[in-house]
Participant: 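Sharing a structure below in structure tokens format, with a few things to ask.
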Amino acid sequence: VQVVESGGGSVQVGGSLTLSCTVSGYTYKRYCMGWFRQAPGKEREKVALVESGSDTVYADSVKDRFTISKLANTLYLQMSSLKSEDTATYYCAVQAAWGICIGGVSRANADDFDSWGQGTQVTVSS
């Protein structure tokens, strides 16, 4: 399974950005995929996950501002009302071994994902 993110960049506070993640080599119809981010000096955190059946979960810090979606083999993260604290490297993750979110989207964490992209930088400045 190959995972490739794109769409990162620099944006001003209050702006919008959409990240894309193209997944290839994934053969399950079911899926558990999502976005994580890591800021310098901080741990990687879950941003948003989606599981087949359209179950989704968002970090409290991004609720009502970010939207995760999937179309064919591409995962998206639409980000709006961006804040400086959203600055981070964003990673797309796929649970490729089982195609499910272990314990459900709410309980799944970074350790449950086995396929990762290289990351895309998002910088939000005032």
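These figures come from a predicted structure and were not determined experimentally. These numbers come from the heavy atoms of this one structure, side chains and all, not from hydrogens, waters or symmetry mates.
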Participant: Which distance, rounded to the nearest 0.5 Å, do you find between the CG of Leu19 and the OG1 of Thr74?
Facilitator: 13.0 Å

Participant: Between Thr87 and Val122, does a side-chain contact (heavy atoms from CB on, under 4.5 Å) hold up when you go through it step by step?
Facilitator: CA-CA 5 Å; Thr87 296; Val122 172; 5.9 Å; no

Participant: If you link I, L, V, M, F, W and Y whenever their side-chain heavy atoms are under 4.5 Å apart, who else ends up in the same group as Val4?
Facilitator: none

Participant: Is there a donor-acceptor contact under 3.5 Å from the side chain of Lys63 to the main chain of Arg65?
Facilitator: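 Flag not set: sc Lys63 to bb Arg65 has no pair under 3.5 Å.
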
Participant: May I ask you to decide if Ser106's main-chain N or O and Lys46's side chain share a donor-acceptor pair within less than 3.5 Å?
Facilitator: yes

Participant: Same cluster or not: are Val124 and Val47 linked, directly or through other Ile, Leu, Val, Met, Phe, Trp or Tyr residues, by side-chain heavy atoms under 4.5 angstrom apart?
Facilitator: yes

Participant: Please indicate whether Glu43 has more than 12 foreign heavy atoms, meaning atoms of other residues, nucleotides or ligands, lying under 6.0 Å from its CD.
Facilitator: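 12 or below, so no.
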
Participant: Donor-acceptor pairs under 3.5 angstrom involving side-chain atoms of residues 33-41: please list them, not counting sequence neighbours.
Facilitator:
| unit_1 | atom_1 | unit_2 | atom_2 | d |
| --- | --- | --- | --- | --- |
| Trp35 | NE1 | Tyr76 | O | 3.4 |
| Arg37 | NE | Glu45 | OE2 | 2.6 |
| Arg37 | NH1 | Asp86 | OD1 | 2.9 |
| Arg37 | NH1 | Tyr90 | OH | 2.9 |
| Arg37 | NH2 | Glu45 | OE2 | 3.1 |
| Arg37 | NH2 | Ser61 | OG | 3.4 |
| Gln38 | NE2 | Lys42 | O | 3.1 |

Participant: Hey, could you give me each pair passing disulfide (SG to SG under 2.5 Å) that has a residue in residues 49-126? Not counting sequence neighbours.
Facilitator: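 Output for this query lists Cys21-Cys92, Cys32-Cys101.
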
Participant: Return each pair, listed once, that meets side chain to side chain donor-acceptor pair (under 3.5 Å) where at least one residue sits in residues 49-58; pairs must be two or more places apart or across chains.
Facilitator: none

Participant: How close do Ser115 and Val1 get, counting heavy atoms only, and between which atoms?
Facilitator: OG-CB, 3.8 Å

Participant: Taking the side chain as every heavy atom from C-beta outward, state whether Leu75 and Val50 have any atom pair closer than 4.5 Å.
Facilitator: yes

Participant: Going only through I, L, V, M, F, W and Y residues with side-chain contacts under 4.5 Å, is there a path from Val11 to Phe66?
Facilitator: yes

Participant: In this structure, would Met79 and Tyr91 fall into the same cluster of hydrophobic residues linked by side-chain contacts under 4.5 Å?
Facilitator: no

Participant: Between Tyr28 and Tyr26, which heavy-atom pair has the shortest distance, and what is it?
Facilitator: O-CE2, 3.3 Å

Participant: Quick one: do the Gln121 and Thr89 side chains pair a donor with an acceptor below 3.5 Å?
Facilitator: yes

Participant: Do the side chain of Asn73 and the main chain of Ser24 share a donor and acceptor less than 3.5 angstrom apart?
Facilitator: no

Participant: Looking at every heavy atom in both Leu49 and Ala108, which two are closest together, and how far apart are they?
Facilitator: CD1-CB, 3.7 Å

Participant: Return the minimal non-hydrogen interatomic distance between Gly9 and Leu17, and the atom names on each side.
Facilitator: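 That would be N-CD2, 3.9 Å.
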
Participant: According to a 4.5 Å side-chain heavy-atom criterion applied to Ile, Leu, Val, Met, Phe, Trp and Tyr, with indirect links allowed, do Leu82 and Leu77 form part of one hydrophobic cluster?
Facilitator: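 Yes, it is one cluster - the side chains of Leu82 and Leu77 are joined through contacts under 4.5 Å.
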
Participant: Does the structure place the NZ or CZ of Arg30 under 6.0 Å from the centre of the six-membered ring of Trp98, at an angle of no more than 45° from the ring's axis?
Facilitator: no

Participant: Run the salt bridge (charged side-chain N to carboxylate O under 4.0 Å, His left out) test against Asp64 and tell me which residues pass, sequence neighbours left out.
Facilitator: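 By the salt bridge (charged side-chain N to carboxylate O under 4.0 Å, His left out) rule, Asp64 matches no residue at all.
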
Participant: Hydrophobic cluster membership, with links at side-chain heavy-atom distances under 4.5 Å among I/L/V/M/F/W/Y: are Ile100 and Tyr31 in one?
Facilitator: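 Not linked; separate clusters.
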
Participant: Return the CG to CZ distance between Asn109 and Arg44, rounded to the nearest 0.5 Å.
Facilitator: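 Going from the CG atom of Asn109 to the CZ atom of Arg44 covers 12.0 Å.
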
Participant: Spell out, as yes or no, whether a donor-acceptor pair under 3.5 Å connects the side chain of Gln95 to the backbone of Ala97.
Facilitator: yes

Participant: Going by salt bridge (charged side-chain N to carboxylate O under 4.0 Å, His left out), name the residues that satisfy it together with Lys29, two or more places apart in sequence or in a different chain.
Facilitator: none

